[in-house]
Amino acid sequence: MTQILFFALVLASTFIALTDWRKGLLLMLLVGALQDPIRKMIPGTPGYMVLAFVPIWLAICINVFFSGRQVWLRFAIVAPSLISAIWFLEFALILAFGVLLYNYGFGAILVGVIGALGYVFPILAIAVGYHYIRTPADFILLVKIYCALTAVLLIGSLFQYLGLFPHWSALGTKALGTVWFRQWPGHIVYMTSGFYRSPDLMGWHAAMLVMFSLIMGMRSRTVSTRVAWMALLVWGATMLLLSGRNKMIFMPLVFLAVFGAVQLYKGNVGRTLKIASIAFICLSLFLTVKDQLSLPEDFMLYTQKGSDEATDRLVFANARSLYDTYDQSGFFGEGLGTASTGARYGGKSSKMRTWQENGLSKIMVELGVIGLLAGALLFATIARSLWSQLQVMPRAAPEF
């Protein structure tokens, strides 16, 4: 019955997106939040459930791009260099799809299609996001709905940590046949995923909740709303620690450093002090909550261990993985999707034995050297555009 109701929601949301894509975008957030726990409650945990949001997203794109709004033309006028970088990446994707078919045959088409989604959807999201934001209120509504959904779903991580509802398949990853943990001499950390399909994904959403809560807390005009956002920040930070994913834990720290540096660069010392005071208060509350939950010290030790290794992993491990990937897979790589989630589905994909999970080596093994260069160009173009906007942003500009 749950499965039927969920697919009815997907179908209804898709039709709504075809007529009102702004409402469809909000409904897609709801479907995206529900798809993992519902998947784990379905016998066999079908892999197609990770794409449950796709029909809604496609309906949104059809509505936006084929309704005479000339989105790409308007976007190209504003950011022509970004459009050029996107076209270069699209060429690399087509080439990588050809490499996939050459290496694994036509039975791997599904692998390429699923792999392409990870690259194409973010590009489409840039254009849709540009068209969506008409006023700050549009963005604020999106953030509030996302934060509300995420805050509720993170309760599953707390349930899993406390050992509540141990037989509920929606919690953790046992329904998917996996148990996530990290260990080093004398210590072991069992990672939690809660309602999400992996600790990676749970940690990512918890990190987003922390960063959005900080921004919303900064712009709050009343004490009560600021306290509410600070409470959400502490909640997200606590669950982020339970994920056991150091790279996700570092995300808010890097964001906080960049956010503060931007304010200092623009001469907004008052805002910088405001950020520091909010961060200090939230850290104090976080430590209090941590003690109340009796979180094992292994979680903190693992985070400290990860921070000590961060530079080596960021610089040397990435460089080494790039070299090894090129040495094993060559100039053109293995093909589109071979290191993505869809590599386990479709035809001859059982032959695929890529070890790359994320970062530069994942792009290299899937898209080859050309794709890596295309990705670097797109990143540099976006960074240059942001820097240009920073130069013209007035000192007293609002947070949004």
Side-chain angles (χ1 to χ4, degrees), residues 3 7 10-11 14 17-18 28 31-32 35-36 39 42 44-66 72 85-128 176-178 197-198 200-201 325-326 328-375 378:
Q3 185 177 0
F7 285 121
V10 173
L11 185 62
T14 302
L18 286 171
M28 187 178 72
V31 170
Q35 65 184 31
D36 278 354
R39 175 195 176 187
I42 298 175
T45 61
Y48 63 78
M49 284 292 292
V50 301
L51 304 176
F53 74 96
V54 171
I56 308 171
W57 178 241
L58 292 177
I60 291 170
C61 291
I62 290 172
N63 194 330
V64 172
F65 295 114
F66 298 98
W72 285 115
I86 288 174
W87 277 117
F88 184 27
L89 181 60
E90 295 298 326
F91 167 75
L93 291 175
I94 294 172
L95 180 62
F97 191 79
V99 172
L100 173 74
L101 297 184
Y102 177 81
N103 287 336
Y104 299 102
F106 287 96
I109 287 180
L110 181 60
V111 175
V113 171
I114 296 176
L117 300 181
Y119 299 95
V120 175
F121 279 2
I123 293 174
L124 295 177
I126 293 175
V128 171
L176 301 172
T178 58
R197 65 178 176 269
S198 71
D200 269 347
L201 198 61
T325 299
Y326 183 85
Q328 295 170 8
S329 303
F331 184 85
F332 293 103
E334 297 292 331
L336 182 62
T338 51
S340 301
T341 303
R344 70 189 71 178
Y345 307 112
K348 300 179 180 180
S349 62
S350 58
K351 294 181 179 178
M352 300 174 189
R353 292 291 183 269
T354 54
W355 48 266
Q356 297 82 357
E357 295 182 4
N358 47 50
L360 299 178
S361 60
K362 178 179 182 294
I363 298 176
M364 171 79 99
V365 76
E366 290 197 342
L367 308 185
V369 175
I370 295 177
L372 185 65
L373 293 176
L378 181 59

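Sequence positions, counted from 1, serve as the residue numbers for this chain. Here the structure is a predicted model, which is why all the values come from computation and not from measurement.
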Answer whether the closest heavy-atom distance between the side chains of E334 and L100 falls below 4.5 Å. no
Mind listing the closest non-hydrogen atom pair of G371 and A92 along with its distance? CA-CB, 3.7 Å
Is L360 close to T325 at the side-chain level, that is, under 4.5 Å between some pair of heavy atoms? no
Heavy atoms of E366 and T338 approach each other most closely as OE2-N, 3.4 Å
If I compare all heavy atoms of F97 with all of V113, which pair ends up nearest, and what's the gap? CE1-N, 4.1 Å
Rounded at 0.5 Å granularity, tell me how far CG in L11 sits from CD1 in I56. 9.5 Å
Drop me the distance from M364's CE to I370's CD1, to the nearest 0.5 angstrom. 11.5 Å
For Y326 and F331, work out which heavy atoms get closest and say how close. CE1-CA, 3.8 Å
Within this structure, what is the CG-CD1 distance for the pair L336 and I109, rounded to the nearest 0.5 Å? 12.0 Å
Please name the pair of heavy atoms, one in V365 and one in S329, separated by the smallest distance, quoted to 0.1 Å. CG2-OG, 3.7 Å
How many angstroms lie between atom CD1 of I123 and atom CH2 of W87, to the nearest 0.5 angstrom? 10.0 Å
Listed by chain and number, what are the side-chain contact (heavy atoms from CB on, under 4.5 Å) partners of V99, not counting sequence neighbours? N103, F332
Hey, is CZ on F91 packed in by over 12 heavy atoms from elsewhere, all under 6.0 Å? no
State, yes or no, whether a side-chain contact exists between L367 and L93 at a heavy-atom distance under 4.5 Å. yes
Could you go through L176 and R39, starting from their C-alpha distance and side-chain angles, then the distance that decides it, and tell me whether this counts as side-chain contact (heavy atoms from CB on, under 4.5 Å)? CA-CA 9 Å; L176 301 172; R39 175 195 176 187; 3.9 Å; yes
Would you say the side chain of V128 lies within less than 4.5 Å of the side chain of F65, judging by non-hydrogen atoms? yes
Heavy-atom closest pair (F53 atom, Q35 atom, distance to 0.1 Å) is N-OE1, 3.4 Å
Considering only heavy atoms from C-beta outward, does the side chain of L117 approach that of L51 to under 4.5 Å? yes
